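Let me begin by presenting the structure, written as structure tokens, before commenting on it.
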Amino acid sequence: MNGTAPRRGGKERALARQHWLVKSEPEAFSIEDLERAPAHTTSWEGVRNYQARNFLREMEPGDGVLFYHSNASPTGVAGAAEVARAAYPDPTALDRRSPYFDPKATRADPRWSVVDLTWRATFREVISLDRLRQVPALARMILLRKGNRLSVMPVTPAEWKAVLGLAGSKG
DNA sequence: GCCAACGTTGGC
DNA sequence: GCCAACGTTGGC
């Protein structure tokens with residue numbers, strides 16, 4: 001008993017994959033861009049909101065991610081991805097030439113995090129906001145709450161299932 | 001382009 | 001610690 005045995009943070013996390021939604025303006029980075037990226041994978045850079053960052057830090061490899069197009073036509077869920085690598089420091093926060101540079105970030109305290117995401121699917125049609133709002137199972141989705149501006153947010157298993165169901169059906 | 005909603009900053 | 005000013009997000 002040397003007290004160094006690692007404490008697993010609860011079995012529930014090891015058993016249950018979690019689900020998330022990330023937003024992106026397709027003009028900046030779209031689901032098609034992710035599909036075309038090397039190894040279908042990108043690091044999710046530039047999150048500069050603490051609540052969103054904290055969600056990034058909860059992600060684990062294998063978690064499912066809905067990919068949402070904001071400021072688009074139509075705006076809506078455009079595809080799905082998967083967490084490929086858990087959170088690590090966002091290098092763009094320390095890069096003076098990056099639009100995401102944060103003068104308050106330091107190597108000792110980088111402040112911001114990224115995860116790596118791998119493309120899983122591009123939906124044949126974007127599931128529009130209007131469509132999402134019609135689905136009773138999604139009534140409480142964070143995405144649909146008035147005034148919501150989070151760019152990274154959790155999705156319940158039921159919501160995940162419902163959205164993928166819409167993606168698989170004709171709409 | 002407009003504007004509501006929200007987060008952050010900074011003066012006090 | 002309060003809160004007004006400001007900047008940003010994102011739907012329309």
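Being a predicted model, the structure only gives us computed values, none of them experimental.
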Legend entry - Residues that A/D33 engages under side-chain contact (heavy atoms from CB on, under 4.5 Å), provided they are two or more places apart: A/F29, A/S30, A/R36
Inset, instruction - Could you verify whether a donor N or O on one side chain and an acceptor N or O on the other, from A/S128 and A/D130, lie under 3.5 Å apart? - result: no
Inset, instruction - Indicate yes or no: does A/D102 engage A/R48 in a salt bridge with an N to O separation below 4.0 Å. - result: no
Legend entry - Side-chain donor-acceptor contact under 3.5 Å, A/T75 with A/S70: no
Legend entry - Centroid separation A/F67 to A/W20 less than 6.0 Å: no
Legend entry - Under 4.0 Å protein heavy-atom contacts per nucleotide of nucleotides 3-12 of chain C, with B for base, S for backbone only and - for none: ----BBBBBS
Inset, instruction - Establish, from distance only, whether the side-chain atoms of A/T122 and A/E35 form a donor-acceptor pair under 3.5 Å. - result: yes
Legend entry - Close residues, residues 48-55 of chain A, relative to DNA chain B [heavy-atom separation under 4.0 Å]: A/N49, A/Y50
Inset, instruction - Using a strict 4.0 Å threshold on nitrogen-to-oxygen distance, state whether A/R97 and A/D95 make a salt bridge. - result: yes
